[in-house]
Amino acid sequence: MAVTHNLGFPRIGGKRELKFAEEAYWKGESSADELLSKGAALRRQNWRSQSQLDYVPVGDFSFYDHVLDMSFMLGNVPERVAGLDGDRLDNSFRVARGRSAGDDDRNAVRAGEMTKWFDTNYHYIVPEVSADTRFALDAGELLARIDEARAEGVTPKPVLVGPVTYLWLAKAGDGSDRLALLERLLPVYRELLDALGEKGVEWVQVDEPVLVHDLDDDWKRALRTAYDALSGVAPKLLVTSYFGQLRDNIDLACGLPVAGLHVDAVKARDEVEAIVAALPADKVLSLGVIDGRNVWKADLAGLLDWLEPLADKLGECLWLAPSCSLLHVPVDLNSEKKMDPEIKSWLAFALQKLGEIEVLAKALNEGRDAVAQPLARNAEAIASRRASARVDDPGVKQAVHAITPDMGKRRSPYAERAAKQHAHLTLPAYPTTTIGSFPQTKEIRKARLAHKKGDLSRAEYVTRMQAEIERSIREQEALGLDVLVHGEPERNDMVEYFGEQLEGYVFSQHGWVQSFGSRCVKPPILFGDIKRPYPMTVAWIKYAQSLTDKPVKGMLTGPVTMLNWSFVRDDQSRSESCKQLALAIREEVLDLEAAGVDVIQIDEAALREGLPLRRSQWQDYLDWAVECFRITANGVRDETQIHTHMCYSEFNDIIESIAHMDADVITIETSRSNMELLDVFDRFQYPNEIGPGVYDIHSPNIPPRDQVITLMTKAAERIPAERLWVNPDCGLKTRNWDEVVPALENMVEAARDLRRRAA
Ligand code: GLN
Ligand code: ZN
């Protein structure tokens, strides 16, 4: 009998209920009790919708981030929040965001560092450790949730971040060896597992996605040490790996003294045979056969052809699951009322994916006849997608084929271009700019919603957005910024906005996926060959430029970010889809230039997150990703200044490729990591201009002028001052004007001060 389970369920709610509940709490519009009961209601609902599974995850829910929750459960709470008012929830919000509900400045603290969860667009709060870190178990919340789950009639399988992955994700502020903490950490995990055992928990899921990384001997040894130390606890442990292949870690993973192993049978299907051979016969093998990272229906008949012989061989020891937590896909396809029905028939969101697991298990346990109808419907959908004329466009394929190396080259080297650009733009030293968006106010969102619903005419919508653009321009002029932006009021999201206008994309109404905390994104779905039927941004930028004599930046999302933040086709290579996007956005760049826009920013916020987890595959990715950016950007005249922007990224290991993009100016995130990023410039002379973000836009805290000066002075030690820009570290859309204005005032003041000092 194949057993079914799930690794994690989206916690944000099908209608983003959690987001709205916590934002109301943060604004002081609702009480902690209201937030807590909303969370409990969501958990109940999630368990009910997973009740057909044999084991259901518990502990996957979080009010902000499950890695942060793990830090609290392990008693690894930053000292700066200890002793502040409020409870654990408030303190976890302070670590995550810099403040909780109702905090005055006294209780505001530095927000924890946030970074991407493996190669996904989910961000976790980096655990802070040092040589002095001590752990102490605080498992009350998890234990209570087990009771909650049982009350819903499901069999709970608690989910933990495994000890080795926890340390892998942690950052030692003092530069000490994280692994040295393992010895102190393991007794706390043991205590936790014992407590779960006492609660009668049968299986615990221990996530160790580090297993899909290149691991050196120390980390490999740490995994063995950890699970040796945890063997003998009462609950059975299911160690899970996901997001890639195990490769040289197969033997290590199969040899751990635990009761079961989960592998990503989407990304690593070709390894399953070797894993079956290496895994002792009494161990459970959980196959993640349904893609937890994408939205396409699985080919169930094809999977059954593969799984049936495995089921015969493994019997009770075969478990079926999604490849990873379903955190990375939207909740329910059935909420989509407006989606093109043909394309919708090709898709599966979290609930539908669990349905697929159920059908597969039933087919294996009772024979295909027992699920003849769902199998037939599935086969029909798979065949319809393969045959659809809407997927392939020979003209687009031909254009990609005709790309020449020259299309990715600027006419002159940077130094020559820079001279022309500087003569043309006449900017001061330490020029100031912002990253693109200004606050997305309630009025903006209301107008967009009304327009979408048909209650606001296109003309009226345009008028309102133009008023917002005017406001942004006037504010920027008053602040004295040098290169202005239009503020992006017309954009719901930097990827969706373009996806909606390109052919080959569909978008959902409720396809939200959590990015961090209450922030969600609604990735468009790239289903077919990409074409740009008309200019997407030109009218807005032209309007903004008509209001001011200062240069206004054209603002685009780059092809790599479009790709990495979309759900993309699984029937052609990512690089092929990316080249199609590059050609489409290149057309937009050239149209902007023709419209007289002198500065064009092409955001590649997500370039780094597309890096494969394995080093050996990096160069191949970087080569085509950078080439796609170059195709997009480099068709312009020397006088046109190309900017790019990247956020939440570490560049130390890819700086050569970043430089090879050959953008005239790059703006980057650095403020949260105290300009640590700049260390790379000790080793590598970045050849073009750069704006290291000096203001952490993810926190409501206002950066003091002196902090900006200190950060820029640090930057100037590594990069010639004449190539430095002063800017926030990302767009300002999540902030409000009351925060943005004083912050930018300080930033502009600081730039003036730097100029005076340099003069
Ligand atoms: N131009 C975008 C903005 O300012 C960039 C956002 C991002 O990098 N994530 O909102
Ligand atoms: Zn950014």
* Asked: Is there a donor in the side chain of D264 and an acceptor in the side chain of Q245, or the other way round, less than 3.5 Å apart?
  -> no
* CD1-CZ distance between I585 and R532, expressed to the nearest 0.5 angstrom -> 10.5 Å
* Asked: Cut-off 3.5 Å, side chains only: do W168 and E208 have a donor facing an acceptor?
  -> no
* Pair Y64 and H123, ring centroids less than 6.0 Å apart -> no
* Does any donor atom in the side chain of E593 or T640 lie under 3.5 Å from an acceptor atom in the other side chain? -> yes
* Asked: Using a distance-only test with no angle check, is there a side-chain donor-acceptor pair under 3.5 angstrom linking Q440 and K733?
  -> no
* Quick one: closest heavy-atom pair of M407 and I403, and the distance? => SD-CA, 3.8 Å
* To do: Determine, using ring centers only, whether F438 and H486 are less than 6.0 Å apart.
  => no
* N-O pairing of K553 and D598 below 4.0 Å -> no
* **From I600 atom CD1 to E588 atom CD, the distance as rounded to the nearest 0.5 Å** => 9.0 Å
* Asked: Taking NZ, NE, NH1 and NH2 as the nitrogens, is one of them in D119 or R614 under 4.0 Å from a carboxylate oxygen of the other?
  -> no
* Do S577 and Q572 pass the side chain to side chain donor-acceptor pair (under 3.5 Å) test, and can you show the C-alpha distance, the side-chain angles, and the key distance before you say yes or no? -> CA-CA 7 Å; S577 299; Q572 77 182 13; 2.8 Å; yes
* To do: Output the distance between atom CE (M646) and atom CZ (F651), rounded to the nearest 0.5 Å.
  => 5.5 Å
* Asked: Checking salt bridge (Lys or Arg N to Asp or Glu O under 4.0 Å) for the pair E689/R723: CA distance, chi angles, key distance, verdict?
  -> CA-CA 4 Å; E689 286 157 57; R723 286 201 264 119; over 6 Å; no
* To do: Evaluate side-chain contact (heavy atoms from CB on, under 4.5 Å) for I658 paired with I668, printing each intermediate quantity in order.
  => CA-CA 11 Å; I658 302 292; I668 47 182; over 6 Å; no
* Asked: Does the side chain of D662 pick up a donor-acceptor pair with the side chain of N688 at under 3.5 Å?
  -> yes
* Think R293 forms a cation-pi with F243, using NZ or CZ under 6.0 Å from the six-ring centre and within 45 degrees of its axis? -> yes
* Do N76 and E128 have a side chain donor and acceptor closer than 3.5 Å? -> no
* Asked: For T115 and Y124, does a side-chain donor sit closer than 3.5 Å to a side-chain acceptor?
  -> no
* Asked: Which residue, K116, R97, M114, forms the side chain to side chain contact (heavy atoms under 4.5 Å, CB included) with F516?
  -> M114
* Give a yes-or-no answer on whether the side chains of Y242 and D207 include a donor-acceptor pair shorter than 3.5 Å. => yes
* To do: May I have the step-by-step check of side-chain contact (heavy atoms from CB on, under 4.5 Å) for I709 and L754, ending in yes or no?
  => CA-CA 7 Å; I709 295 176; L754 289 160; 4.2 Å; yes
* Asked: Can you tell me if R574 and N564 form a side-chain donor-acceptor pair at under 3.5 Å?
  -> yes
* Asked: In Å, rounded to the nearest 0.5 Å, how long is the span from CD1 of I530 to CG of L583?
  -> 11.0 Å
* Asked: Atom CD of E416 and atom CD of Q421: how far apart are they, to the nearest 0.5 Å?
  -> 11.5 Å
